[in-house]
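Down below is the structure, laid out as structure tokens.
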Amino acid sequence: MERIAAKSPILSEVKACLQLSIPLAAAQLAQASTNFVDTIMMGWLGSERLAAGALGSISFSTLLLIGTGLLSSVGAMAAVAYGAGEYKKIGRIAEQGLWLGMGVSIPIAIVIWNFAAIAVHFGQNPETVAIAQTYLRAIVWGFPGAMGFIVLRNTYSAIHRPNIILAIVIGSVPINVIGNYILMFGKFGFPELGLAGIGWASTFSFWAAFLTAVAVIQLKKEFKPYRIFATIRHFYPPVFWEILHIGWPSGILLAIEAGLFTVTTYLMGYLGTVPLAAHYVALQTASITFMVPVGISYATTMRVGHELGRKDRQGSKRAGSVGMGIGGLFMAVMAVCVWQFPRSIVEVYLDVSNPENSAVVELAISLLGIAAFFQIFDGVQVIAAGALRGLKDTRIPMAIGLFSYWGVGLVSAYWMAFKLGWGSLGLWWGWVLGLGVAALILPWRFYALISDKFEGETARSQGVLELKTGGEQTLEIE
């Protein structure tokens, strides 16, 4: 197999993609398992607490996802620098990424702290909102730590050290689970905090992951060439603003996509507690399988960026194609599993033999049937966005996302749910349409941008790669 891979560029790329994707996807799954365990433990507190936890958790995750998108440019820029052999530049990118991450944490934390005042204006049950607020005012203190870890996770990925990320994330999982148990139920002399205890446990795990990532860089000699933290006290405007310039459209893109899910969650809450609880069970399940293409998306960004740094257009095209192919195949397999075993999945979250849960169980099973369709589209589109990010193309994908997720997805979801009377099922079918459109347009955008026929051929004689980005700035890697 090694000899075949050496002769075949495609197989070589598959191997390279898997070497980066597997630990990153595993890290995403380990991180998702924290949310999975949180959901199960919320269920121990009852359906009312589960609904409140769903509202709080999805709202927090949406804002964290926006920060993740904003800081994704750290990985893209560091990957290009790594491919070009500019190792010292990687440290400066990471440092300025930390400045940005800490800076945006303040306004986002203010939004999280004042969640109750915002949520009641969207028709949410005041009692549910009040319970969710206790969770959010605990987990908000972990937001800066989470942002710092996102920066260092991108940096580790760009320099081909994904196994360290995996080890750190896996190590943070038991901290969260044990913390949940102790603080929810007031064990070992701690106060019984209920849903707020889950928030505090998450805060501790976020900071543990970030500080561990910092310690590894400081202690291991292999990171010395990158000079990470060597100039952390200095502010470098050109690097900072480039991170922000490339990153903000990615943050908006993820906000647009997450906003589709968040607004739908609020609409579910408007329909009642049963639809909201069932929605959260099905969404949490789909989120777990989605973590694998998210990991592949990060790997694809790095692989495309590495080839871009080497000024290899065909290599970048191949990296994007392989990433989308692997992700699409995985999600197709997951779709079959979800379609075939929905009741077994719901049993993980709720006691299906309890008559009080029957309405939630049946609706969750129906929603999982729809999830089998949309998650294939979701996997392809997130990897295509990652491939475009590797080319530093973020503004046009942002516009595509706005059209697909909101112009098609949310509008059709609202129409089917409330105009056709399909209720919660209509909201999910709207997701299928929106994500399906994105899964068609984003890959097309990638191939149009990277194609040999596209304007802006490789200027090898000047040692510069220029990619015209459809009305955006011209991208140059010298």
Side-chain angles (χ1 to χ4, degrees), residues 25 28-29 32 35-36 54 58 61-62 65 253-268 271 275-276 278-297 324-342 345-346 349 363-386 397 400-418 420 422-444:
Q28 287 297 130
L29 284 170
N35 294 331
F36 174 75
I58 292 175
S61 298
T62 299
L65 194 60
L253 175 61
L254 288 178
I256 290 168
E257 181 181 3
L260 171 64
F261 296 107
T262 303
V263 171
T264 304
T265 299
Y266 280 98
L267 291 174
M268 286 288 185
L271 291 172
L276 180 58
H279 164 77
Y280 190 53
V281 168
L283 181 60
Q284 188 62 46
T285 301
S287 297
I288 292 172
T289 60
F290 181 62
M291 289 302 101
V292 172
V294 168
I296 298 172
S297 175
M324 285 184 276
I326 293 173
L329 179 61
F330 173 83
M331 291 303 271
V333 173
M334 292 299 100
V336 173
C337 294
V338 171
W339 179 266
Q340 290 294 321
F341 308 106
I345 293 171
V346 176
Y349 299 92
L363 183 54
I365 289 173
S366 298
L367 294 178
L368 284 172
I370 302 174
F373 287 92
F374 90 73
Q375 64 180 355
I376 298 176
F377 299 139
D378 207 9
V380 172
Q381 64 87 26
V382 74
I383 297 172
I400 294 170
L402 181 61
F403 168 74
S404 302
Y405 307 142
W406 289 70
V408 176
L410 186 59
V411 170
S412 60
Y414 182 86
W415 181 68
M416 286 187 282
F418 297 100
L420 296 182
W422 293 5
S424 55
L425 298 181
L427 292 175
W428 275 57
W429 278 118
W431 287 2
V432 173
L433 291 178
L435 294 170
V437 170
L440 289 174
I441 300 179
L442 287 172
W444 171 84

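The figures here come from the full heavy-atom set of this structure, side chains too, leaving out hydrogens, waters and symmetry mates.
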To the nearest 0.5 Å, what is the distance between CG on Leu402 and CG on Leu410? 10.5 Å
Once rounded to the nearest 0.5 Å, what's the spacing between atom CG of Leu440 and atom CG of Leu435? 11.0 Å
Taking every non-hydrogen atom, the tightest pair across Pro275 and Leu363: CA-CD2, 3.6 Å
Taking only residues two or more places apart in sequence or in another chain, which ones pass side-chain contact (heavy atoms from CB on, under 4.5 Å) with Ala384? Met324, Leu442, Pro443
What closest approach, in Å, do Phe377 and Val432 show between heavy atoms, and which atom pair accounts for it? CD1-O, 3.8 Å
Over all atoms of both residues, closest heavy-atom pair of Ile376 and Met331: CG1-O, 3.8 Å
Nearest heavy-atom approach of Ile296 to Ile326 is CD1-CG2, 3.9 Å
If you draw a 6.0 Å radius around CZ in Phe403, do more than 12 non-hydrogen atoms from other residues or ligands fall strictly inside? no
Between the main-chain N or O of Pro293 and the side-chain N or O of Ser297, is there a donor-acceptor pair closer than 3.5 Å? no
Over all heavy atoms of both residues, which pair between Leu425 and Ile370 is shortest? Give the atoms and the distance, please. O-CD1, 3.7 Å
Are Trp429 and Phe374 side-chain neighbours, meaning at least one heavy-atom pair lies under 4.5 Å? no
Sub-4.5 Å side-chain heavy-atom contact between Val336 and Phe341: no
Take Val411 and Trp406, measure what side chain to side chain contact (heavy atoms under 4.5 Å, CB included) needs, and give me the verdict at the end. CA-CA 6 Å; Val411 170; Trp406 289 70; over 6 Å; no
May I have the step-by-step check of side chain to side chain contact (heavy atoms under 4.5 Å, CB included) for Tyr405 and Gln381, ending in yes or no? CA-CA 11 Å; Tyr405 307 142; Gln381 64 87 26; 2.3 Å; yes
Once the angle between the rings of His279 and Trp428 is folded into 0 to 90°, is it parallel (under 30°), tilted (30 to 60°) or perpendicular (over 60°)? perpendicular
Roughly how far apart are Thr285 OG1 and Met334 CE, rounded to 0.5 Å? 12.5 Å
Is there a donor-acceptor pair under 3.5 Å between the side chain of Ser404 and the backbone N or O of Gly401? no
Closest contact, heavy atoms only, Leu427 versus Tyr414: CD2-N, 4.4 Å
Check the pair Met268 / Ser424 against side chain to side chain contact (heavy atoms under 4.5 Å, CB included), numbers first and verdict last. CA-CA 7 Å; Met268 286 288 185; Ser424 55; 3.4 Å; yes
